[in-house]
Structures are given as C-alpha cells and as structure tokens.
Amino acid sequence: MEKIIIEGGVPLKGEVSISGAKNAALPLLFATLLAPGVHRLCNVPALRDIDTAASLLQIMGAGVERDGDCFVINSDRVESLEAPYDLVRTMRASVLVLGPILARLGHARVSLPGGCAIGARPIDLHLKGLEAMGATISLDHGYVEARADRLRGARIYSDLPTVGGTENLMMAATLAQGTTWLENAACEPEILELANALIGMGAQIEGAGTDCIRIEGVEQLRPMDYRVMPDRIEAGTFMIAAAMTKGDVCIRGAVAECNEALISKLREAGVSIEQKGDLLRVRGPETIKSVNIRTRTYPGFPTDMQAQFMALMCLADGTSVISERVFENRFMHVCELQRLGARINIDGHSSTVTGVTQLLGAPVMATDLRASASLILAGLAADKTTEISRIYHLDRGYERIEEKLSALGARIKRVPA
Ligand code: EPZ
C-alpha cells in the first residue's frame, strides 16, 4: 500500500502532456476480440485498469504484448468465452467483452459486475439490447450466459443513454446479420473513438457521436491499427489543478472540443482558458466565483468531473449547488473534503458548497477514482500537509499523476503507507 503526501500552496506553472484516454482504450482493447489477427493499439496509458483488461484478454486466449505505449494483441486463438468474477469485480468495464465474444464465438459467459462505490451499475440495458438481436440470455450463479448462433440486426431503443451499453451493442452489431439501429445511444467522444477504430477494421457504422447509430453487419473484420485519443477527464483534472492553485499551466492534448461543458463552467468561475495551437493555457483567478453544475450525459457536464469541480467550489467566493444526476452515490469525496475544512451539505442528489478562504491540510482517504483526484486537487491548494491513503483507486485512472504535478512545481510525493 502507498500514500501520497502533498505540501500545498504552490501555484502550478509549466506544460503538461495528457495521456491516452482510459475510457476509450478499454473498449478498444476488447474490440480486438472481434477479429482474428495481430492488432496494434497505441497511446495506451499505463494504468491498473488497462492491466486488468490485458489480463482478461489473455484469459480469453489472446496474446498481449506491450511495445512502449502500444499494445500488440494476437487474437487468432480466442477460445475461452468466460470473463471470471475476480477480474470483472475489480473492473466493471470487463463486461465489454460480452458483445465481442458473443458476436465472434456465439456464446459468452460473463460475471455480473456487481455494484461499486458510486452506484449499483446494472447492465440490464446491455442484456436487453443483445436479446433484441436474438441472443438468449440466462443468469447462472452470478454469471450472464449469452448464446446466439448469429446475432441479427435490430432496432434498439435504450431507456438510458448508457456508455457501456452503447459500446457493447455497437461492437456486437458489427458482425450481426443485417442492420442495427441504436436509438437514444450515448454520445460520448469515446463512442465516436470506438466507432472510428471499428470502421478502420472494416465495420460499417454511421451516426456515432449522435443519439442514433446505424450499424450494417459484415461477415468478418480485419485487425485494428489505432491510436487512442487523449483523456478528456485527465485534461479537465489538470485544468482545475491550475485554477485552484492560482497557477498558469499549458495542457498539451486537452481536446477542448470534448470539454466544452467543463470549460464553459470554469470560465463562469473566472478561470482564464485560451487555446494556443495544440496547447490549452489555463490560469487561475485571484477570486473563484461560485457556479452551479448538474451532471448529465454528454454533451452535458461530465459526471467524471463532478468531484474535481466540487473541490474547486470549496474555495469559491459564495455558495454553489452541485447536482449528481448520473450516478446514485457519487458524493463519497464530501466527507474527506470536509476533513480539509470544506463546508458542504448533501441533500439527496445535490450538494451545497459554501466556499472558504483556505483549506487546511490533513490525512484523508481515497474512496473511488475521481474522489481521489478531488482530494489531490484540494491538497494542492490546502495549507501545510495533506496525506492521501488508498491511492490504488487513483492508479486506476491517472498515469504518473504525482510526476506530472511535480514537474509543474507541486510539492507531492508517493511513499509507502
Ligand atoms: C462509463 O461507465 C465510464 N466508464 C464511467 O467512468 C462514466 O462515469 C460513465 O460511463 C458515465 O459517463 C468507462 O467508460 C469504462 P453508463 P458506464 O452505462 O458505461 C445506468 C470513470 O471514473 N445504467 O453510461 O458503466 C447506470 O447505473 C468511470 O472513469 C443502467 O441503469 O456508465 C448509471 O446510473 C466511472 N443500466 C447510468 O446508467 C445499464 O444497463 C450511466 O451508466 C447501464 C447503465
């Protein structure tokens, strides 16, 4: 076990490069199961979740090698159809093997993921879509058993625009017989990224990135050769780091057009954000204005930035209301921020944050991935010392974050707990 120690109060300055997107790389890795051959996926971040995905691919029979920031995956011998509980429970995104394996082998057996810190995280909409495509689905002692000689195209309306559900069904539909329409589909940039990679493999997909996606099934796909987009949530996290420390940071790979909701709210809070070529320059204001946010599916304010934005509002001049409308339990960071002197009241899906002039360093505990990030941000702005334990949560989604922050002048280090 390790912990991170921060001596707060240093304005961050300099340039930081954003790593490949975790939430794009994960479905892309599983998409390699759709086609035999040797696939190459580059700009893959070095994260615990990526390691888990690589282990799962190997269990399914694929050969996986890392070559710098690339993965070389040989999926000729994908024979195992089972995604075991001990892997799926550590990373919910493992359910994304369901669509590819069912489409390729006609049979898949995937552990139900169970819940996690931020919510129940059901996959009912994934299963409903696969049934609409002709799969027979049964539950067997904690596992989903799916069978289909060959999936057939269907018109599928999803009750919710689920990111993982859209990804699973889009992958499955690429090899189905006939045409599939995904209606009320998720529009996140990671969906468009997956579609672009699948099209490069020979899939016929139109409308990805909108709420209606049309997929014309084909007989066979060819291996992937793709480079992962930068991580918009890591980029947003560094924007807030600059804002909270009154810093001046240039972010390489910030992909502003994927962060419009966040950038709009940061500008409303008084943060200066300018695009300079492929750099985004972010400068923190003397006074942070209080701003209300409500998380939504894309292009709304991203739920994965809610905890980080709350940390910023803890230092705002005034009161802000933060509503979490995507997940049912995504305020685990509040108790820990209160230990740092934040004034926050939770009322159901909303939290009211009354800004304070100074956060006070203290020992705190990470509870989930984005909560960890909000504690790092608060520690950077707090006085004296902040110690963050259980940082294995952080390592799931941020590549070398303490090195990147140190390079910007932060006094931050990782030590054995
Ligand atoms: C993806 O999770 C992301 N993970 C999450 O990022 C992100 O928070 C989420 O999308 C929303 O943007 C990856 O991409 C690996 P959903 P996913 O299915 O696909 C409900 C992070 O911090 N729902 O869009 O699991 C569900 O309960 C992680 O990087 C159903 O009810 O999210 C939730 O309330 C956290 N039935 C809502 O939809 C279903 O069948 C959104 O879930 C599926 C989902």
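Order of appearance sets the numbers: ligands from 1, and atoms from 1 within every ligand. Side-chain atoms are counted along with the backbone in the values below, which use heavy atoms only and exclude waters and symmetry mates.
- Salt-bridge annotation for K22 and D304: absent, with no side-chain N of the basic residue lying under 4.0 Å from a carboxylate O of the acidic one.
- Under the 4.0 Å criterion applied to side-chain N and carboxylate O atoms, R214 and E216 are assigned as salt-bridge partners.
- Listed by number with element, the atoms of ligand 1 under 4.0 Å from a non-hydrogen atom of L125 are 36 (N), 39 (C), 40 (O).
- H126 and N168 share a side-chain donor-acceptor pair at under 3.5 Å.
- The closest approach between K128 and ligand 1 stays at or above 4.0 Å for every heavy atom of the residue.
- Among protein heavy atoms, the minimum distance from atom 11 (C) of ligand 1 is reached at T303 CG2, 3.9 Å.
- When F301, F309, F327 are each tested for a side-chain contact (heavy atoms from CB on, under 4.5 Å) with T295, only one passes: F301.
- Of the polar atoms of L160, none of the N or O atoms is found under 3.5 Å from an N or O of ligand 1, judged by distance alone.
- With a 4.0 Å heavy-atom cut-off, ligand 1 is reached by the side chain of R92 but not by its N, CA, C or O.
- At least one N or O atom of D124 sits closer than 3.5 Å to an N or O atom of ligand 1.
- Of the N or O atoms in L369, none lie within a sub-3.5 Å distance of an N or O in ligand 1.
- Looking at Y298 and R232, their side chains never bring a donor and an acceptor atom within 3.5 Å of each other.
- Across D304, T162, T295, heavy-atom proximity to atom 18 (O) of ligand 1 is greatest for T162.
- Of the charged side-chain nitrogens involved, at least one lies within less than 4.0 Å of a carboxylate oxygen, so that E268 and K265 count as a salt-bridged pair.
- Of all the atoms in ligand 1, the ones that sit under 4.0 Å from a non-hydrogen atom of I123 are 39 (C), 40 (O).
- Listed by number with element, the atoms of ligand 1 under 4.0 angstrom from any heavy atom of F327 are 8 (O), 9 (C), 33 (C), 34 (O).
- Ion pair K413/E402 not flagged as a salt bridge, since none of the NZ, NE, NH1 or NH2 atoms sits closer than 4.0 Å to an Asp/Glu carboxylate oxygen.
- Considering backbone and side-chain N/O atoms, L26 never comes within less than 3.5 Å of an N/O atom of ligand 1.
- Nearest protein heavy-atom neighbour of atom 3 (C) of ligand 1: N23 ND2, 3.7 Å.
- Within the listing of ligand 1, atoms 18 (O), 19 (O) sit less than 4.0 angstrom from a heavy atom of G164.
- Checking K404 against S17 by side-chain atom types alone, no donor-acceptor pair falls below 3.5 Å.
- Of all atoms in ligand 1, numbered sequentially from 1 with element shown, those under 4.0 Å from a heavy atom of R370 are 21 (C), 22 (O), 29 (O).
- Inspection of the T90 and T52 side chains reveals no N or O donor paired with an N or O acceptor under 3.5 Å.
- Backbone and side-chain nitrogen or oxygen atoms of V163 are examined, and one is located within less than 3.5 angstrom of a nitrogen or oxygen of ligand 1.
- Closest of all the heavy-atom pairs between L47 and G397 is CD2-C, 3.6 Å.
- At the shortest separation from atom 37 (C) of ligand 1 among protein heavy atoms lies V326 O, 4.0 Å.
- Heavy-atom proximity to atom 43 (C) of ligand 1, evaluated over S94, A24, P122, S158, is greatest for P122.
- Of all the heavy atoms of H126, the ones lying under 4.0 Å from any atom of ligand 1 are found in both the backbone and the side chain.
- The closest side-chain donor-acceptor pair between H333 and T367, if any, does not fall under 3.5 angstrom.
- Listed here is the closest heavy atom pair of V218 and G202: CG1-O, 3.9 Å.
- Under 4.0 Å from ligand 1, the heavy atoms of R330 that appear belong solely to its side chain.
- Close contacts between ligand 1 and K22 involve ligand atoms 21 (C), 29 (O) [criterion: under 4.0 Å to a heavy atom].
- Of the charged side-chain nitrogens involved, at least one lies within less than 4.0 Å of a carboxylate oxygen, so that D395 and R414 count as a salt-bridged pair.
- Closest to atom 17 (P) of ligand 1, if we only count protein heavy atoms, is R121 NH2, 3.9 Å.
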